[in-house]
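Working notes, beginning with the structure itself.
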Amino acid sequence: MSARGIYNREGEQLGYLEGNQVYDLNGARTGTIQGRAVYDLNGERRWLIDGDALLDVRGNVIGYLGEPVRNGG
């Protein structure tokens, strides 16, 4: 399976995606992707996805998704 890093606008990694699951840097699941939105574990929409751009719910760019990398070699 491949993963993609989640980065803020300054390039600092905040977490990562595996499939449609969102994780923090400690490996704890923090949400899921449904369509073009990221929802937290309570079902609240937190971010929008536009291509590789990550936006807040008002449409402001807050970060980006990195290139896919293969896990496990």
Side-chain angles (χ1 to χ4, degrees):
M1 181 178 284
S2 66
R4 296 181 78 179
I6 300 172
Y7 301 89
N8 66 17
R9 291 176 67 179
E10 289 76 38
E12 176 184 359
Q13 187 171 5
L14 306 174
Y16 62 96
L17 304 176
E18 265 190 8
N20 70 338
Q21 302 299 306
V22 180
Y23 298 90
D24 66 17
L25 292 177
N26 295 317
R29 190 167 71 93
T30 60
T32 61
I33 295 177
Q34 297 175 26
R36 292 177 44 184
V38 177
Y39 292 84
D40 67 17
L41 296 178
N42 295 319
E44 303 259 342
R45 186 171 64 169
R46 293 295 173 195
W47 301 326
L48 304 173
I49 300 171
D50 184 9
D52 289 335
L54 200 58
L55 299 88
D56 65 17
V57 293
R58 294 186 181 115
N60 300 307
V61 176
I62 59 168
Y64 62 95
L65 302 175
E67 290 294 317
V69 292
R70 190 158 188 87
N71 292 341

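- Among residues at least two apart or in separate chains, ring-ring contact (aromatic ring centres under 6.0 Å, His included) pairs with a member in residues 20-58 are Tyr16-Tyr23.
- For the residue pair Arg45 and Ala37, the shortest heavy atom distance occurs at CD-CB, 3.8 Å.
- Across all non-hydrogen atoms, the minimal contact from Gln34 to Thr32 is NE2-OG1, 3.4 Å.
- Listed for the Asp56 side chain is a donor-acceptor partner under 3.5 Å among the backbone atoms of Arg58.
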Report the C-alpha distance between Ile6 and Leu65 in whole Å, list the side-chain angles of each, state the deciding distance to 0.1 Å, and finish with yes or no for side chain to side chain contact (heavy atoms under 4.5 Å, CB included). CA-CA 5 Å; Ile6 300 172; Leu65 302 175; 3.9 Å; yes

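- For Glu67, the side-chain hydrogen bond (donor to acceptor under 3.5 Å, both in side chains) criterion is met by no residue, not counting sequence neighbours.
- For Asn42 (side chain) and Glu44 (main-chain N/O), no donor-acceptor pair under 3.5 Å exists by modelled atom type.
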Could you check Arg36 against Asp50 for side chain to side chain contact (heavy atoms under 4.5 Å, CB included), going step by step and ending with a plain yes or no? CA-CA 7 Å; Arg36 292 177 44 184; Asp50 184 9; 3.6 Å; yes

Kindly determine whether Ile49 and Leu54 satisfy side chain to side chain contact (heavy atoms under 4.5 Å, CB included), including the steps that lead there. CA-CA 5 Å; Ile49 300 171; Leu54 200 58; 4.1 Å; yes

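- The CG atom of Asp24 sits 12.0 Å away from the CZ atom of Arg29 when rounded to the nearest 0.5 Å.
- Val22 and Leu55 end up in different hydrophobic clusters when Ile, Leu, Val, Met, Phe, Trp and Tyr side chains are linked at under 4.5 Å.
- In plain terms, the two heavy atoms of Arg46 and Val57 that are nearest each other are O-CG1, 3.6 Å.
- Contact detail for Ala3 and Glu18: the closest heavy-atom pair is CB-CG, 3.8 Å.
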